[in-house]
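Only one structure is covered here, and it is reproduced in the block below.
Computation of the quantities below employed the complete heavy-atom set of this structure, encompassing side-chain atoms and omitting hydrogens, waters and symmetry-equivalent molecules.
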Amino acid sequence: MDYEGMLFRLEELSSSEMDRRRFLKTTAQFAVMALGFTLFRPWPGLRVEAAPRFPLYPFTLGVASGDPLSDGIVLWTRLAPDPLNGGGMPFYRVPVRWEVATDENFRHVVKKGTTYASPEWGHSVHVDVRGLRPGREYWYRFKSGSELSPVGRTKTAPAPHSLQRELVFAFASCQNFEHGYYTAYRRMAEEDLDVVIHLGDYIYENGSGQNTAPGGNVRKHHGRETLTLEAYRNRYAQYRTDPDLQLAHASFPWMVTWDDHEVDNDYAGLIPEDGTSREKFIQRRIAAYQAYYEHMPLRRDSLPVGRHMQIFRRFTFGDLAQFHLLDTRQYRDRQAGGGKWRAPGEEAVSPDRTLLGVEQETWLFRELHHSEARWNILAQQVFFAQRDLKKGSEKLQSMDAWDGYADSRRRVLEYLAHDRVSNPVVLTGDVHANWACDLLADFDHPTSTVVGTEFVGTSISSGGDGSDFRRSARRILDHNPHIHFHNNHRGYVRCRLTPQYWQTDYRVVPYVSRPGAPILTRASFVVENGRPGISQISETSVPTYKGDR
């Protein structure tokens, strides 16, 4: 099949009324073909520039690595001499050389090669390097023409089933560029981490000034609300030019998944937040998914095909940890009651509605069943534990979170209990605050069995400077005894795993309205192996700094 025929067939499939499973099964075979055409073979008449010369430095967006395996890693960069205006690259393919070394001075290069930055994918580069040693640090860089990229550090995962004494990682989410500076990422880069997990809201789609932090915005988005591929590319480029974010990417491998703002606030499947037509929103989602792939260190398995993109996946770190990165946006049904805070009705508890989708849920249960890891992590987006704002039998819950998909949550909790999954821990972003929760077999009965743990991380910058405590948090803590901790500062969460215990440190900065904030650990919690439930081991107050808002 030629390229034009392939595109015609994909469009025919995506516009038909076939169900999503059949669409994915039928089009999966085209993904590798599409990648081959667009990344390795030029379109008819498309020029290849063998010796490129750039008017300005092309590696303005830095470098990144991700999706670590025991023998490989994905290396990423994007050529963008004019990053906020479409990238500034001409419409031809450009060769990009890459090197991987065991030392940061590149005296011992162990892998190298040449790939091509193609205009169809925004001149982004994704190199899936294989044949590396497990659990090993490496350094990497790119070169195009006479220009050399910054140097990045990365690390492969330990060998499967190998005995591991420790794993240290951080997770983060929600980094509205307008709301604050990314000092938390600079402090993260000062840590000694094996990997970083990003749980979504990497960008915000709103136009300049449309989303205002309580204390006011300190930076401005470039352009209006993102609707087109070029607009999404420019937005990612603006975020990627931040030096603190670049530093964190260059310091560790990342494993990423998305939430809603990468496309549209609170979208559900093919349903937008506002009244945009289905056809227009599908085109918007196609553009958003492509831009996301272009700017993340993802493998070809995640190459978007039309309006679909494979983002849920698994990573194993020896015998110690297995991560399941989930997608709670692409496959979910429409939120009950419009997705706001309200009393859950029949729709919220209906067994006919899903948050993960049948395919992803089946995949998750299969992966958990076969896992031999000590700790099993569900890295996902929205609040998993029940979170009720009202005391007594009446409830007030967020319909955008798992509370609005109660039967989906019930199935996950029942599986964790009945299959005796080893030490399940849920990691969550989205809500711009820190929380720590026990997961109960039945949240309506506070004395029911504790089957797991949820650690909810705050935002990097979304919401502005923050505070120690939200006004509504006291009610939530009072009415939900399984929720043990709350904090409203910005920052990230650091986790240290051993065979005996899991320690979570809530790392916070006192302000994001200006650069240079220090970092401190607001509180620390421990989960013991084989004993579900969290125990707090330390707590620190956050000093007030002169000039804080």
Side-chain angles (χ1 to χ4, degrees), residues 24 64-70 72-74 76 126 128 154-158 160 167 169-175 193-202 249 252-263 289 292-293 295-304 308-318 320-332 354-357 359-371 373 375-384 402 408 412 415-416 421 423-430 452-457 492-493 495 497:
L24 288 174
S65 67
D67 281 11
L69 303 177
S70 60
I73 199 79
V74 175
W76 174 92
H126 299 73
D128 189 356
T154 192
K155 190 175 184 179
T156 52
L167 175 70
F169 70 90
F171 68 89
S173 64
C174 305
Q175 52 196 51
L193 305 175
D194 295 301
V195 67
V196 170
I197 303 171
H198 198 280
L199 298 177
D201 292 347
Y202 190 96
H249 270 296
F252 317 106
W254 284 39
M255 303 186 302
V256 302
T257 185
W258 53 32
D259 195 12
D260 53 341
H261 286 288
E262 287 86 354
V263 182
Y289 282 13
Y292 184 83
Y293 178 83
H295 290 85
M296 296 295 149
L298 293 166
R299 283 194 169 80
R300 300 171 198 169
D301 295 343
S302 295
L303 188 78
H308 299 284
M309 183 169 162
Q310 177 69 43
I311 199 72
F312 64 84
R313 57 208 193 282
R314 169 186 57 81
F315 297 95
T316 302
F317 287 72
L320 195 57
Q322 183 161 300
F323 293 87
H324 309 87
L325 271 69
L326 304 183
D327 176 357
T328 63
R329 285 293 164 189
Q330 186 173 183
Y331 312 113
R332 66 160 66 191
T354 178
L355 186 66
L356 296 178
E359 181 183 355
Q360 183 178 195
E361 186 176 299
T362 302
W363 166 86
L364 174 62
F365 293 165
R366 182 176 64 247
E367 294 294 336
L368 289 170
H369 178 74
H370 292 293
S371 174
W375 301 94
N376 285 277
I377 301 106
L378 278 61
Q380 54 97 54
Q381 294 74 36
V382 293
F383 218 105
F384 187 87
W402 286 80
S408 282
V412 173
Y415 190 86
L416 296 178
V421 174
N423 298 318
V425 177
V426 176
L427 307 180
T428 301
D430 182 58
T453 305
E454 180 178 20
F455 294 114
V456 182
Y492 56 90
V493 183
C495 303
L497 283 62

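- For the pair Asn376/His324, a side-chain contact is recorded, criterion being any heavy-atom separation below 4.5 Å from C-beta on.
- Using a 3.5 Å distance cut-off with no hydrogens or angles, the side chains of Thr354 and Glu361 do not pair a donor with an acceptor.
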**Study point:** Pair Val196-Tyr492, side-chain contact (heavy atoms from CB on, under 4.5 Å): steps then yes or no
**Key:** CA-CA 10 Å; Val196 170; Tyr492 56 90; over 6 Å; no
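- When every heavy atom of His249 is checked against every heavy atom of Tyr202, the shortest pair comes out as NE2-OH, 2.8 Å.
- Listed here is the closest heavy atom pair of Met296 and His126: O-NE2, 3.0 Å.
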Let's go through Phe383 and Val456 carefully: what are the C-alpha distance in whole Å and the side-chain angles of both, what is the deciding distance for side-chain contact (heavy atoms from CB on, under 4.5 Å) to 0.1 Å, and is it a yes or a no?
CA-CA 7 Å; Phe383 218 105; Val456 182; 3.9 Å; yes
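- For the pair Pro253/Ile73, a side-chain contact is recorded, criterion being any heavy-atom separation below 4.5 Å from C-beta on.
- Side chains of Gln381 and Thr328: a donor-acceptor N/O pair is present below 3.5 angstrom, by distance only.
- No donor-acceptor contact under 3.5 angstrom links the side chains of Gln310 and Ser302, judged on distance only.
- With hydrogens and angles left out, the side-chain atoms of Glu454 and Trp402 include no donor and acceptor closer than 3.5 Å.
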Should Arg332 and Asp327 be marked as a salt bridge (Lys or Arg N to Asp or Glu O under 4.0 Å) after you check the CA-CA gap, both sets of side-chain angles, and the distance that decides it? CA-CA 9 Å; Arg332 66 160 66 191; Asp327 176 357; over 6 Å; no
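- For the atom pair Arg314 CZ and His370 NE2, the distance stands at 10.0 Å (nearest 0.5 Å).
- Here the two rings, on Phe323 and Phe315, have centers that are 6.0 Å apart or farther.
- The aromatic ring centres of Tyr292 and Trp258 sit less than 6.0 Å apart.
- A heavy-atom distance below 4.5 Å is found between the side chains of Asp201 and Glu262.
- A 4.5 Å side-chain heavy-atom check between Pro160 and Ser70 finds at least one atom pair inside the cut-off.
- With a 4.5 Å cut-off on side-chain heavy atoms, Leu378 and Phe384 do not count as touching.
- Under the side chain to side chain contact (heavy atoms under 4.5 Å, CB included) test applied with Val256, the options Leu325, Ile197, Leu298, Asp67 reduce to a single match, Leu298.
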